[in-house]
Colleague: 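Can you read through this structure? Questions will come right after.
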There are 2 protein chains.
Amino acid sequence: MKQVRSPGQRAGLTQARVLEAAHELVADEGVAGLTMRALAGRLGVLPNALYSHVATKNALVDALLDDLLAQVAEPGADVEDPIDGLRTMMTSTFEVLVAHADLVGLYISRQGARGPNAQRLGEVMLRLLARLDVTGERAIDARRVLIVYTIGFAAFSPRGVADGPPLPAAKVAEDYAAGLDWLLTGIATRK
Amino acid sequence: MKQVRSPGQRAGLTQARVLEAAHELVADEGVAGLTMRALAGRLGVLPNALYSHVATKNALVDALLDDLLAQVAEPGADVEDPIDGLRTMMTSTFEVLVAHADLVGLYISRQGARGPNAQRLGEVMLRLLARLDVTGERAIDARRVLIVYTIGFAAFSPRGVADGPPLPAAKVAEDYAAGLDWLLTGIATRK
DNA sequence: ACCTGAACACCGTTCAAGT
DNA sequence: ACCTGAACACCGTTCAAGT
C-alpha cells in the first residue's frame, strides 16, 4: 500500500479518527470487514501505524462497543416509576445494540471488557433498582440478569434461535419486551 | 508437517474422528487453539485433508455445539409439573453450555445454525409449554426468550458482565436460576 | 511521537495430482 | 474416495529505522 502523502508529511492520525473510521468500516463492510489492514487502508496509512493509537484489535472492538452505548437514552433522575425507568433504559440499550448485532456477537465471543459508558449505565441501573428496594448483592445480581438478557437478545437478533426464515425485527423486539417485563416483575416482587 | 504413515497407507479419517479430535483440542487448548491446522496435526494429516470430512470450519463449530447438546437432560414425559420440567431442562442446558463457554461465544458470534439436538430439545420445550396452555406463536416466543437467556448467560459466564474480579461459578448459576424463575413465572401467568 | 519498510508467524481454503 | 503437495489470499503484530 503506497501512501499518497509527500514524504515526511504526517498522516495526522488520532485515536478518535481511528475509531471513527472503524465505525464507518463496520457499517460499510460488516464486522468481518473490520481488519487492521482494511482500516489502515481507509486511513491512508500502513497497518502497523494503527498501533500508535490502539493497543490491539480487541481493544479497538471494546472501544467501538462502548461508543455505541453513548447513544443509550438514560431516564431522567425525576422519573416517577423506577420500573418504567429500567424498562426505558434497557429497551434503548437493546435498540442500540440490535442495530449493530454482529459487533455485539464479536464482543460476546471475546468476553468483552466494560468501558466507561457501560459503567455509567450500570450505575444508573443500580440507582433505579435501589428505588425498588433492591440493593446490595441482590441489586448486582438483578443487574447482571438484565444486562445478559439484553445483550444476548441483541446478539441473536439477526437470525433468531428457532427454525424457519429470519425473524422480522419487530417480532424480535416484541419478544425482548415480553421477557423484559417478566424479569422486571420478578425483580420488583422479589419472587 | 510430514506424515509418519508409510506411503500409500490411508489415515482412515472419518467425520466422527474429526469431531472427537476437535472436542479434545478445544478441551486442551481452548477455542483459540481450534484451528484447522492444529486439528490436522493432531490427526496426523495435512490441513486440507479435513475438507474431505467437514465442509468448513464454521460447520465444524456448529457440529461441536450440537454435540454438546446431546448431553442435556430431558425431563421424562411423565413429569408432573411442566414448569419443573422446563426448569430442569433449561438448567441442564445451562450447565452443559457453561462448561464450554468459549465455544458458545464463538457460536453466538457467528449466529450459529441449529443442529438436530437443538431441534429435538426445542420440541420437548414446546410440549412442556403446551401443558401450561402456552401454544402457537406465544409458545415460539416464550421458547426463544428462554433459549436466548440461557445461551447468553452461558456465553458471559467466565467473566461476568459487572466490574471486579471473575465471578465464582456458583454465583453465576444462582443468578441464572433467579432470572429463569422470573421468566418461567411470567410465561406461566401470561403476564 | 508518529509513521514506513520489512518481516514473522500464523490463518482458512482451493486445486491439481497421485493412489 | 481420500489424501498429499503446493499454493493463494489473507490475518494481527513486532521491530528497527527514519523524521
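Owing to the predicted nature of the structure, the values given are computational and were not obtained by experimental measurement. Sequence lines set the chain letters: A, B, ... in the order given, protein chains first and strands last, and positions in each chain run from 1.
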Colleague: Kindly indicate, with the supporting measurements, whether the criterion side chain to side chain donor-acceptor pair (under 3.5 Å) is fulfilled by A/Thr150 and A/Tyr176.
Modeller: CA-CA 8 Å; A/Thr150 300; A/Tyr176 170 77; 2.8 Å; yes
Colleague: Return the set of residues passing side chain to side chain contact (heavy atoms under 4.5 Å, CB included) with A/Thr56 (not counting sequence neighbours), or none when no residue passes.
Modeller: A/Asn58, A/Ala59
Colleague: Expressed as a whole number of Å, how far does the C1' atom of C/dC8 sit from that of D/dC11?
Modeller: 12 Å
Colleague: What is the distance, to the nearest angstrom, from the CG atom on B/Leu13 to the C1' atom on D/dT4?
Modeller: 13 Å
Colleague: Can a donor-acceptor pair be found, under 3.5 Å and without considering hydrogens, that links the side chain of B/Asp102 to the backbone of B/Val31?
Modeller: yes
Colleague: What parts of residues 15-31 of chain A reach DNA chain C, counting only heavy atoms under 4.0 Å away?
Modeller: none
Colleague: Could you pull out all donor-acceptor pairs under 3.5 Å where a side-chain atom in residues 12-25 of chain A meets a protein atom, sequence neighbours excluded?
Modeller:
| residue | atom | partner | partner atom | Å |
| --- | --- | --- | --- | --- |
| A/Gln15 | NE2 | A/His53 | O | 3.1 |
| A/His23 | NE2 | A/Asp67 | OD2 | 3.1 |

Colleague: Contact list please: residues 50-64 of chain A against DNA chain C, heavy atoms, distance less than 4.0 Å, in numerical order.
Modeller: A/Ser52, A/His53
Colleague: Who passes side chain to side chain donor-acceptor pair (under 3.5 Å) against B/Thr93, sequence neighbours left out?
Modeller: none
Colleague: Check every atom of D/dT4, C/dC3, C/dG12 against the side chain of A/Ala49 and return the nucleotide holding the closest atom.
Modeller: C/dC3
Colleague: Of all residues at least two apart in sequence or in a different chain, which pass the side chain to side chain contact (heavy atoms under 4.5 Å, CB included) check with B/Glu174?
Modeller: B/Lys171
Colleague: B/Tyr107: which residues meet the ring-ring contact (aromatic ring centres under 6.0 Å, His included) condition with it, sequence neighbours left out?
Modeller: none
Colleague: If I take atom CG in residue B/Leu46 and atom P in nucleotide C/dA17, what distance separates them, rounded to the nearest angstrom?
Modeller: 18 Å
Colleague: Where does DNA chain D form stems of at least three consecutive Watson-Crick or G-U wobble pairs, each pair having both distances below 3.5 Å?
Modeller: C:4-8 with D:12-16, C:12-16 with D:4-8
Colleague: Applying side chain to side chain donor-acceptor pair (under 3.5 Å), name anything that partners A/Arg127, two or more places apart in sequence or on another chain.
Modeller: none
Colleague: Between the side chains of A/Arg138 and A/Asp141, is the shortest nitrogen-to-carboxylate-oxygen separation below 4.0 Å, so that they form an ion pair?
Modeller: no
Colleague: With the criterion being N/O to N/O and under 3.5 Å, what pairs connect the protein with nucleotides 6-9 of chain D, and how long is each?
Modeller:
| residue | atom | partner | partner atom | Å |
| --- | --- | --- | --- | --- |
| D/dA6 | N6 | B/Asn48 | ND2 | 3.1 |

Colleague: Look only at the side chain of A/Gln111 and the backbone of B/Ala155, and say whether a donor-acceptor pair between them is shorter than 3.5 Å.
Modeller: yes
Colleague: For residues 87-97 of chain B, pull every pair meeting salt bridge (charged side-chain N to carboxylate O under 4.0 Å, His left out), keeping only residues two or more places apart or in separate chains.
Modeller: B/Asp84-B/Arg87, B/Arg87-B/Asp181
Colleague: Determine whether a donor-acceptor pair (N or O, by modelled atom type, separation under 3.5 Å) exists between the side chain of B/Asp175 and the backbone of A/Val145.
Modeller: no
Colleague: Would you indicate which nucleotide in D/dC3, D/dC11, C/dT13 comes nearest to any side-chain atom of B/Pro47?
Modeller: C/dT13
Colleague: Please enumerate all residues that pass side chain to side chain contact (heavy atoms under 4.5 Å, CB included) together with B/Ser109, with sequence neighbours excluded.
Modeller: A/Ser109, B/Leu106
